[in-house]
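Read through the structure below, which is laid out as structure tokens, and then see the notes.
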Amino acid sequence: MMKHSEARAATLVEALPYLQRFADKTIVIKYGGNAMVEEELKASFASDITLLKQVGINPVVIHGGGPQIGKLLAKIGKEAKFIDGMRVTDSETMDIVEMVLAGLVNKEIVGNVNKAGGKAIGLSGKDGGLICARKMQFERNAPEMDVPEIIDLGHVGKVHSINTEILNLLDTDRFIPVIAPVGYHKEAGQSYNINADLVAGAIAQALGAAKLVLLTDVAGVLDKDKELCSKLSPAETRALIADGTIAGGMIPKVTCCLDAVAAGVKQAHIIDGRVPHALLLEILTDDGVGTVFSEE
Ligand SMILES: Nc1ncnc2c1ncn2[C@@H]1O[C@H](COP(=O)(O)OP(=O)(O)O)[C@@H](O)[C@H]1O
Ligand SMILES: CC(=O)N[C@@H](CCC(=O)OP(=O)(O)O)C(=O)O
């Protein structure tokens with residue numbers, strides 16, 4: 001039997017090929033609002049990010065905050081409404097979204113990473129012109145309908161372009177960007193609420209990231225029998241969406257993984273953010289957790 005000390009050393013040695021593979025590479029990490037609940041998990045996420053940066057990998061964090069927005073909306077007596085995982089966002093809701101995402105949630109994560117010894121910088125899509133957004137024309141393909149239904153979601157945006165200048169600058173000085181998914185249309189002077197998964201996918205593509213990891217509150221993509229799909233091709237994924245197995249907030253997640261892989265991001269994963277140090281297990285060990293998306 002392997003001694004405890006030998007097993008610990010083996011874990012470190014196991015990390016070596018991964019450290020070599022990802023040295024100087026960018027890994028884009030989406031930290032879902034549902035995965036940021038327990039204090040212990042928040043601290044474990046912050047130390048994972050700090051460790052990755054320390055060993056020469058370049059983590060870029062995009063966070064959500066759906067449940068946290070929901071709490072503030074409930075406090076002011078406003079009902080939250082979602083269509084296929086997208087929040088219907090009127091002007092008042094947009095103000096709350098920006099307050100919660102670019103304020104409370106962003107600064108909490110920045111604080112946690114800095115406490116762990118990292119150098120985090122909080123940004124919204126407005127800072128440094130990072131996320132240029134346009135209003136989303138949302139089409140819903142309900143199974144019972146022949147033609148897609150066009151739905152007005154209010155101030156919900158899509159990514160028009162990503163300006164990576166600020167991210168490259170921060171990396172030069174070993175800062176860790178922590179990004180809130182609020183986009184801006186400069187000419188129209190309008191902020192947009194963008195689903196954080198879609199922002200993560202767009203940033204991964206713009207940076208030519210080696211990996212995209214989405215942390216959420218389930219084991220990964222589950223099939224009809226609630227079993228984990230450890231690997232999915234584009235065709236398998238589309239079939240699961242079409243038959244309703246993949247629904248709600250899981251739709252933008254799988255869509256952005258498929259888009260990222262098609263655009264050249266080598267690996268895209270959806271993993272369980274409720275597992276302590278899920279990120280390190282995924283990136284630096286043989287124990288891949290969750291669902292990985294293949295090109296074909
Ligand atoms: N096939 C599926 N497999 C796993 N989760 C699914 C599936 N279809 C829908 N979901 C839902 O998607 C949720 C994750 O999306 P969401 O709540 O938006 O998370 P996050 O806050 O991490 O972005 C899961 O908690 C689950 O309820
Ligand atoms: C358009 C849209 O739905 N935006 C999301 C943005 C936050 C988010 O994506 O948060 P999670 O990752 O925690 O779900 C929202 O308003 O909830």
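Throughout, numbering of the chain's residues begins at 1 and tracks the sequence. All ligand and atom numbering here is 1-based and tracks the order in the structure.
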**Q.** Test log, rule side-chain contact (heavy atoms from CB on, under 4.5 Å), inputs Tyr31 and Ile109
**A.** CA-CA 10 Å; Tyr31 187 32; Ile109 300 167; 3.8 Å; yes
Among all protein heavy atoms, pick out the one at the shortest distance from [atom]; state its residue, atom name and that distance to 0.1 Å.
atom                    : result
atom 5 (N) of ligand 1  : Met250 CE, 3.3 Å
atom 12 (O) of ligand 2 : Lys30 NZ, 2.7 Å
atom 17 (O) of ligand 1 : Asn34 ND2, 3.1 Å
atom 17 (O) of ligand 2 : Arg87 NH2, 3.0 Å
atom 1 (N) of ligand 1  : Thr245 O, 2.8 Å
atom 3 (N) of ligand 1  : Leu222 N, 2.9 Å
atom 8 (C) of ligand 2  : Gly64 CA, 3.8 Å
atom 9 (C) of ligand 1  : Ala247 O, 3.0 Å
atom 4 (C) of ligand 1  : Gly220 O, 3.3 Å
atom 9 (O) of ligand 2  : Ala196 N, 3.0 Å
atom 18 (O) of ligand 1 : Gly249 CA, 3.4 Å
atom 23 (O) of ligand 1 : Lys253 NZ, 2.5 Å
atom 13 (O) of ligand 2 : Gly33 N, 2.8 Å
atom 4 (N) of ligand 2  : Asn193 OD1, 3.0 Å

**Q.** Candidates Leu52, Leu51, Leu19, Ile271 - the one meeting side chain to side chain contact (heavy atoms under 4.5 Å, CB included) with Ile283
**A.**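 Testing Ile283 for a side chain to side chain contact (heavy atoms under 4.5 Å, CB included) against Leu52, Leu51, Leu19, Ile271 leaves exactly one candidate, Leu52.
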Q: Apply the side chain to side chain contact (heavy atoms under 4.5 Å, CB included) test between Leu123 and each candidate in Asn106, Val178, Leu167; give the one that qualifies.
A: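 Output: one option passes, namely Leu167.
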Q.
Show the nearest heavy-atom pair for residues Gly64 and Lys30, with the distance to one decimal.
A. N-CE, 3.9 Å
Q.
Any nitrogen or oxygen of Gly248, side chain or backbone, less than 3.5 Å from one on ligand 1?
A.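 Checking ligand 1 against Gly248, no N or O pair falls under 3.5 Å apart.
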Q | Backbone or side-chain N or O of Gly32 under 3.5 Å from ligand 1 N or O | A | no
Q: Answer yes or no: are there more than 12 heavy-atom neighbours, outside Glu165 itself, under 6.0 Å from its atom CD?
A: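 No, CD of Glu165 has 12 or fewer neighbouring heavy atoms, counting only those of other groups under 6.0 Å.
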Q: Go through Glu108 and Lys42 one step at a time and tell me if the salt bridge (charged side-chain N to carboxylate O under 4.0 Å, His left out) criterion holds.
A: CA-CA 9 Å; Glu108 182 180 21; Lys42 288 185 200 172; 2.8 Å; yes
Q) If you measure from each non-hydrogen atom of Ile194 to ligand 2, which part falls under 4.0 Å: side chain, backbone, both or neither? A)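 Ile194 to ligand 2: backbone contact only, side chain stays beyond 4.0 Å.
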Q) Should Gly32 be counted as touching ligand 2, given the test is an N or O pair under 3.5 Å? A)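 No; every N/O pair is 3.5 Å or more apart.
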(Q) Would you say that Leu207 contacts Val60 through its side chain, given a criterion of any heavy-atom pair below 4.5 Å between the two side chains? (A)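 When only atoms from C-beta onward are counted, Val60 and Leu207 do touch, with a gap below 4.5 Å.
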Q: For residues Phe45 and Leu280, determine if any side-chain heavy atom of one lies less than 4.5 Å from a side-chain heavy atom of the other.
A: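 A side-chain contact under 4.5 Å is absent here.
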Could you tell me whether [X] and [Y] have a side-chain N and a carboxylate O separated by less than 4.0 Å?
X      : Y      : answer
Asp152 : Lys135 : yes
Asp48  : Lys53  : no
Lys211 : Glu282 : yes
Arg274 : Glu38  : no
Asp171 : Arg174 : yes

Report, in ascending order of atom number, the atoms of ligand 1 lying under 4.0 Å from any heavy atom of [X].
X      : value
Lys30  : 23 (O)
Val218 : 4 (C), 5 (N), 24 (C), 25 (O)
Asp217 : 14 (C), 24 (C), 25 (O)
Val221 : 3 (N)
Thr216 : 14 (C), 19 (O), 20 (P), 22 (O)

Q. Heavy atom of Gly157 under 4.0 Å from ligand 2?
A. no
(Q) Looking at ligand 2, is there an atom of it that comes within less than 4.0 Å of some heavy atom belonging to Gly65? (A)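 The answer is yes, since Gly65 has a heavy atom less than 4.0 Å from ligand 2.
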Q. Could you walk me through whether Ser124 and Ile179 pass the side-chain contact (heavy atoms from CB on, under 4.5 Å) check?
A. CA-CA 5 Å; Ser124 88; Ile179 302 164; over 6 Å; no
Q) What distance do Asp197 atom CG and Met250 atom CE have between them, rounded to the nearest 0.5 Å? A) 8.5 Å
Q.
Any protein heavy atom at under 4.0 Å, with atom 27 (O) of ligand 1 as the reference point?
A.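 Looking at atom 27 (O) of ligand 1, one finds that no protein heavy atom lies closer than 4.0 Å.
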Q) Is the side chain of Thr245 donor-acceptor paired with the backbone N or O of Ile241 at a distance under 3.5 Å, no angle test? A)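 Here the side-chain-to-backbone pair does not exist.
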(Q) Please tell me whether Lys119 and Asn114 have a donor and an acceptor in their side chains that are separated by less than 3.5 angstrom. (A)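 No, Asn114 and Lys119 have no side-chain donor paired with an acceptor closer than 3.5 Å.
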Run the numbers for me: atoms of ligand 2, each under 4.0 Å from some heavy atom of [X], listed by number.
X     : result
Ile69 : 15 (C), 16 (O), 17 (O)
Gly66 : 10 (O), 11 (P), 13 (O), 17 (O)
Gly85 : 3 (O)

